[in-house]
There are 2 protein chains.
Amino acid sequence: MPQSSSDPHGPDAADVDAQSAAGETGTLGKAVALLDLVARAENPPRFTDLLKLTGQPRGSLHRQLRHLVLEGVIDLSPDGVYTPGLRLLQFASRAWARNSFRLVAEPHLTRLHETTGETVHLGVLRDCEIVYLDKIESRQAVRMHSQVGNSAPAYCTGVGKAALSCLDDADLTARCARMVFHSYTPGTLARAGDLMDDIANIRARGFAFDLEEHQPGIRCVAAAIHAPAAGILGGISVTAPAFRAGSEQLDAWAEPVCRAANAIVADIAGRLGPRR
Amino acid sequence: MPQSSSDPHGPDAADVDAQSAAGETGTLGKAVALLDLVARAENPPRFTDLLKLTGQPRGSLHRQLRHLVLEGVIDLSPDGVYTPGLRLLQFASRAWARNSFRLVAEPHLTRLHETTGETVHLGVLRDCEIVYLDKIESRQAVRMHSQVGNSAPAYCTGVGKAALSCLDDADLTARCARMVFHSYTPGTLARAGDLMDDIANIRARGFAFDLEEHQPGIRCVAAAIHAPAAGILGGISVTAPAFRAGSEQLDAWAEPVCRAANAIVADIAGRLGPRR
DNA sequence: AAACTCGGTTCCATATAATGGAACAAAAGG
DNA sequence: CCTTTTGTTCCATTATATGGAACCGAGTTT
């Protein structure tokens, strides 16, 4: 369900707005803001581009970049363009491998994949977008590495909406206010009001749909995974092309999806008690 | 060929030594050193653990961690343990998707995989270890996401040794001095002298072997990819279980591997000229 | 050629942000 | 209840980041 990073689906790259907390994080904040800028840029920026984008004085920017490059977090090509560095891959690789949420969810995802025969996703909510932590797909003819770590707006994905539905209203409205809506498809819920309505339904029935709201021809059923005591809020989904995912079929999948989600929550609770 | 992150093959987690440049990167340097510590830790550390590991005063450490957590680069579980944050996954996902080296190499990897029918790796050298950028495998029954971004010591992998062989002697010996050797298997070249000898051979014949030097039962042929003008030094390899990779077979694979490597270098050169 | 721009790098006095010791708070445990 | 361990907050001191300006090299223009 996450878009393959190659296909352009919007006017430009600004998929989701820069989400740097901007709360006082001092020097570090500027550094990661810079990294974020470099990582989000459609085509690798050079010094002057960043100069314009950040609006910082030359000296400061130059030193910051130099430090980031020295740390291997950003790479500087000999032709003067900045690209995200390899060190990030190493960090992320470890982060992924050790992520306990993913680890406990894994067997359940496999089982869910076996019972439904369709693609299964695991995602977590991060502010207003969901980050995909895992994916199980049968015929993985196409490359799929790219999917893990990919993020998509919460308001137009099944797991995103399912996760949002767990928030209390104050938090929910606060996040909605921070969202920048974009109509990826005709079905996208592109207004906060529509989203809130859908979330009311999701709360009522206990699971969420994505009816071609992010990618045309792609539908899914999703259930939230909420374990506040463990600081986990995310979800899982079963995704399929529309012709294979009629409303009856989606309804049929809802039950195993919810069952898997509940099982994962239970497992998390089980591993939280005897922690250490 | 890269170890699946779960299996313990050494006494402990300290696979490769912390490689923070430690050259003056000021505040940022400490931040990523901290991140590195958190990412490398076998089991998620808590505040006091990090206090001991870093030796920093409580106040400073606490503030640094708070900043990192605020930026989403480190997560703080409600039970007080620090884990690498999701933001890293997002960064890495973008880094991977946009990496131009990987993009130009991709078709060649696919072709090489088709001609040999075995697993193909793409890696780049980063100081003394190689980071895997891509992998093409036929029957990917087991999970493989984890492989991308994984790193392994350069001295005991095919692509690692191939890449090392491109360095001039001064640089090479400097890096050797920085390596911490560890005998993963009986075949591991665990002394700098042995490594240098092998590298001499690699230089002579133009490609490298890994004869079960990192993982028992796994062999590979590798060729370097060196494009100094583009700042790229890495390699590709064909990997197979030992019973399928006799010395004749490895020799036979060497030619297509080298051809693919050369083709990639040519492609890189092609895209470097008309840059912008 | 000299004069000009443009992209990038270096320098240095100043102000700001990180430092770290110590006090404070809150659990664990004896 | 008192002690120990673990985590958080405060604040004067100091080191560090800042940013304006000068500098450099390479292309362009006159």
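Naming convention: chains lettered A, B, ... in sequence-line order (proteins, then strands); numbering from 1 in each chain.
When rounded to the nearest whole Å, the span between CD of B:Q56 and P of D:dT8 equals 16 Å. Distance CZ (A:R66) to C1' (D:dT18): 13 Å, rounded to an integer number of Å.
The existence of a salt bridge linking B:R87 and A:D36 is confirmed by a sub-4.0 Å separation between a basic side-chain nitrogen and an acidic carboxylate oxygen.
At C:dT19, one or more side-chain N or O atoms of B:K30 fall inside 4.0 Å of OP1 or OP2 (strictly under the cut-off). Under 4.0 angstrom from either OP1 or OP2 of D:dG7 there lies at least one side-chain N or O belonging to B:R46. A sub-4.0 Å separation between OP1 or OP2 of D:dA17 and a side-chain N or O of A:S60 is absent. Here B:T27 does not reach the OP1 or OP2 of C:dA17: none of its side-chain N or O atoms lies under 4.0 Å away. The side chain of A:R63 contributes an N or O atom lying less than 4.0 Å from OP1 or OP2 of D:dT18. Checking the phosphate oxygens (OP1, OP2) of C:dG8, no side-chain nitrogen or oxygen of A:H62 falls inside 4.0 Å.
Residues passing the ring-ring contact (aromatic ring centres under 6.0 Å, His included) test with B:H108, sequence neighbours excluded: none.
Side-chain contact, A:N150 with B:S93: a donor N or O sits under 3.5 Å from an acceptor N or O.
Closest to the side chain of A:P57, out of C:dT9, D:dG19, D:dA17, is D:dG19.
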